[in-house]
Engineer: 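For reference, the structure I am asking about is given below.
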Protein chains: 2
Amino acid sequence: MKDIALLAGVSATTVSRVFHSPNLVESGTRERVLHICKQNQYVYNATAGDLSRKNSTVVGMIVPTTRNSVFGDSIQGVQEKAQELGYSIMIGHSNYDNSAERKLLQRFRERQVAGLILAGFTFGQERFIKSLIESGIPCIVTSERLDDSSMSYVGYDNFKAAYSMTEYLISLKHRRIGLMIGPCSKMNRAKKRLEGYKLALEDHGIPYDPSQVIEREPTLIDGKEAMGVLLSLKERPTAVFAASDWLAIGGLNAIKERGLRVPEDISLAGFDDIDVAAYSDPPLTTIRIPGYEMGRIAMRALAEMIKNDKSEVRQYCLETGLIVRESCAEFRNNVTTSLE
Amino acid sequence: MKDIALLAGVSATTVSRVFHSPNLVESGTRERVLHICKQNQYVYNATAGDLSRKNSTVVGMIVPTTRNSVFGDSIQGVQEKAQELGYSIMIGHSNYDNSAERKLLQRFRERQVAGLILAGFTFGQERFIKSLIESGIPCIVTSERLDDSSMSYVGYDNFKAAYSMTEYLISLKHRRIGLMIGPCSKMNRAKKRLEGYKLALEDHGIPYDPSQVIEREPTLIDGKEAMGVLLSLKERPTAVFAASDWLAIGGLNAIKERGLRVPEDISLAGFDDIDVAAYSDPPLTTIRIPGYEMGRIAMRALAEMIKNDKSEVRQYCLETGLIVRESCAEFRNNVTTSLE
DNA sequence: TTGTACGCGTTATCAA
DNA sequence: TTGATAACGCGTACAA
């Protein structure tokens with residue numbers, strides 16, 4: 001910038017102004033400066049600008065993994081909104097690991113992010129996140145509906161969604177309902193789903209049976225393996241609620257491998273409504289969550305918090321939907337009996 | 001840092017040293033400084049450090065979209081390696097759009113990225129990318145095997161992979177082979193696949209028929225729609241090569257909807273070997289690409305280029321594999337005839 | 001082992 | 001409308 005100033009015969013201040021407030025510079029000067037910038041392939045240094053302005057324009061985002069399209073949707077939403085607003089996105093994945101997550105959080109703080117978007121967080125991270133907020137880095141959690149009234153989120157009600165799906169299965173006369181669930185010992189999101197499942201059972205007088213519940217990572221292979229376990233249970237479930245579509249699709253594979261049919265022999269429900277859920281055979285009954293929209297809203301809210309009040313608490317609870325497709329059917333005693 | 005220095009009764013330089021070369025500081029002083037840092041919740045400012053050192057530790061990555069797990073794998077690989085090496089990742093997606101891509105490139109440059117990883121790039125971007133390299137920002141392209149000997153890549157041979165799949169289909173006695181292909185008018189990767197398909201046909205004396213080729217975005221819905229077009233062709237293909245698993249799975253859906261069977265009535269092959277390809281019904285014959293590994297290698301190579309010679313050209317061509325599962329069968333004339 | 005002085009590329013402030 | 005100066009938070013060279 002100094003060089004440009006020299007070549008243009010103006011001060012560095014003027015050059016700077018050409019970029020951030022062109023109207024303060026006489027049009028002649030402006031064009032001359034601009035011209036020289038082109039000629040010399042001058043590139044503005046945004047980090048230096050941020051430093052000088054004590055004001056960062058990058059926000060960090062942490063997801064459990066980028067391999068799962070559930071988070072891909074959110075990233076896309078965040079990213080697009082960020083672009084519109086002039087922010088850049090720094091990304092990291094935690095693999096559901098508390099210490100990896102902590103390191104990322106620390107790293108992002110050192111990188112002077114203006115704010116943070118977290119697609120959930122592992123248990124035990126709360127205090128650290130709050131300390132970030134106190135230190136002036138607003139954080140928004142997505143994919144969750146937090147009970148804590150002092151933390152911001154743009155999410156949905158995992159408890160309610162899981163409850164509604166379980167209840168739907170019960171309304172189909174199922175009473176032995178297996179559950180394949182994500183890392184509920186690590187993430188609140190999964191835990192809430194488990195609780196929703198439990199309460200729905202209870203509310204309908206069905207005793208909770210821990211042997212019908214399997215915790216795994218939300219992947220195809222884990223889903224297949226978990227379903228294997230459920231199917232070889234003495235008290236085999238007549239319906240399985242997979243609280244992740246990946247678990248469901250993996251499970252579907254295991255079911256077919258054993259020559260069983262969905263939904264005739266066993267009902268199967270998912271969660272997330274990833275694209276491929278509608279394309280599976282049979283199409284998967286599942287819970288739709290607004291991943292992309294959530295990302296956009298979170299980024300917009302975060303930007304506002306950054307500009308206005310960094311310690312403000314914002315909470316948005318988006319709607320989920322029960323998408324009924326063809327993977328669940330009414331329980332008919334004879335069928336299952338004949339297979340047992 | 002100045003404050004810490006004051007509180008510790010040392011100079012800012014000493015505090016600085018405590019972080020980047022602790023061994024130069026007497027252990028007593030070191031511990032005292034560290035202690036005061038904890039007490040005052042001092043956080044190191046990595047961007048200021050980068051600025052002062054004229055040396056960035058963030059690298060940019062551009063993918064077409066984060067919604068496609070093909071890129072999710074690469075991101076994961078890049079991200080993990082970056083973490084090991086002390087780099088942070090800035091991410092952006094282009095949506096296969098040239099001008100969006102250009103804006104990201106420009107933005108990353110202003111952000112002083114130390115290097116760039118591009119999961120391919122749209123036609124017309126080459127010159128700009130080269131100018132980035134010339135200006136000292138090493139760029140590595142992934143998912144491609146570039147013909148240009150002046151650009152670095154960590155990729156695989158799309159041409160060869162597509163050729164081999166087409167040839168496999170031909171070896172199964174298919175002679176009318178449809179092609180569902182990604183944005184080959186925008187991205188080299190897709191174009192190369194198209195060329196591989198063409199040459200394989202030619203080498204086996206099969207005339208190229210443009211009406212058997214449909215270009216779409218690699219999504220489920222486009223795959224379904226494209227397959228609809230192919231299936232209603234007068235000269236319906238006996239096999240379809242979907243040069244993207246998403247296109248294939250979308251297509252599979254369209255096939256089943258018409259009451260046709262795979263592979264008995266029509267063979268179907270994919271490309272990418274995304275996780276779900278092995279879980280589809282029937283499991284998809286496809287081309288395996290090393291997405292995760294590619295990401296790791298790219299990041300490692302980039303880091304080396306940043307440290308050593310920024311204008312060095314590195315080219316890694318990774319192996320792809322033809323994964324034969326159950327979605328392709330030998331063509332039997334009677335079957336197709338009876339259906340027509 | 002520690003400190004001083006200066007510079008990194010930009011912006012804010014104040015004065016002209 | 002423009003410029004001089006100081007500052008942002010840190011690292012490096014050199015001196016002590």
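Every chain is numbered from 1 and lettered A, B, ... according to where its sequence line falls, protein lines coming before strand lines. Computation of the quantities below employed the complete heavy-atom set of this structure, encompassing side-chain atoms and omitting hydrogens, waters and symmetry-equivalent molecules.
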Engineer: Step through the shown structure and confirm whether more than 12 heavy atoms of other residues, nucleotides or ligands are within 6.0 Å of NZ on B/Lys130.
Structural biologist: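 Yes - once you tally the heavy atoms of other residues, nucleotides and ligands closer than 6.0 Å, there are more than 12.
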Engineer: Atom CD of A/Glu110 and atom P of D/dG11: how far apart are they, to the nearest Å?
Structural biologist: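 Going from A/Glu110 (CD) to D/dG11 (P), I get 11 Å.
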Engineer: With a 4.0 Å heavy-atom cut-off, tell me which residues in residues 36-59 of chain A come close to DNA chain D, sorted by residue number.
Structural biologist: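 Heavy-atom cutoff 4.0 Å gives A/Leu51, A/Ser52, A/Lys54.
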Engineer: Mind checking what makes side-chain contact (heavy atoms from CB on, under 4.5 Å) contact with A/Ala12, not counting sequence neighbours?
Structural biologist: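 With neighbours one apart ignored, the set is A/Ala5.
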Engineer: Under 4.0 Å between a Lys/Arg side-chain N and an Asp/Glu carboxylate O for B/Arg296 and B/Glu84?
Structural biologist: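 Salt bridge between B/Arg296 and B/Glu84, a charged N being under 4.0 Å from a carboxylate O: yes.
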Engineer: Should the pair B/Glu312-B/Arg314 be classified as a salt bridge under the 4.0 Å nitrogen-to-oxygen rule?
Structural biologist: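 Yes, this pair counts.
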Engineer: For chain B and DNA chain C, what are the first and last nucleotides along the strand, 5' to 3', with at least one atom under 4.0 angstrom from a heavy atom of the protein chain?
Structural biologist: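 Both ends considered, the range comes out as C/dT1 to C/dG9.
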Engineer: Please enumerate all residues that pass ring-ring contact (aromatic ring centres under 6.0 Å, His included) together with A/Phe123, with sequence neighbours excluded.
Structural biologist: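 In terms of ring-ring contact (aromatic ring centres under 6.0 Å, His included), with neighbours along the sequence ignored, A/Phe123 is linked to no residue.
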Engineer: I'd like to know if B/Asp97 and B/Arg102 make a salt bridge, using a cut-off of under 4.0 Å between side-chain N and carboxylate O.
Structural biologist: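 Here B/Asp97 does not pair with B/Arg102 in a salt bridge, since their nearest N and O are not under 4.0 Å apart.
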Engineer: Could you tell me whether B/Arg17 and B/Glu26 make a salt bridge, using a distance below 4.0 angstrom between a side-chain N and a carboxylate O?
Structural biologist: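 Looking at B/Glu26 together with B/Arg17, the answer is no, because their closest N to O distance does not fall below 4.0 Å.
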Engineer: With side chains defined as the heavy atoms from C-beta onward, is the minimum distance between B/Asn40 and B/Asp3 less than 4.5 Å?
Structural biologist: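 B/Asn40 does not reach B/Asp3 side chain to side chain.
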Engineer: To the nearest Å, how far apart are B/Ile4 CD1 and D/dC10 C1'?
Structural biologist: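 Answer to the nearest Å: 14 Å.
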Engineer: In residues 5-24 of chain A, which residues come under 4.0 Å of DNA chain D by heavy atom?
Structural biologist: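 When residues 5-24 of chain A is checked for heavy atoms under 4.0 Å from DNA chain D, the hits, listed by number, are A/Gly9, A/Val10, A/Ser11, A/Thr13, A/Thr14, A/Arg17, A/Leu24.
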Engineer: As a quick check of understanding, evaluate side chain to side chain contact (heavy atoms under 4.5 Å, CB included) for A/Leu118 and A/Thr142, giving each step before the final call.
Structural biologist: CA-CA 6 Å; A/Leu118 311 173; A/Thr142 68; over 6 Å; no
Engineer: Would you list the pairs meeting salt bridge (Lys or Arg N to Asp or Glu O under 4.0 Å) in which at least one residue belongs to residues 56-67 of chain A, sequence neighbours left out?
Structural biologist: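 Checked against salt bridge (Lys or Arg N to Asp or Glu O under 4.0 Å) - neighbours excluded - the pairs reaching residues 56-67 of chain A are A/Arg67-B/Asp73.
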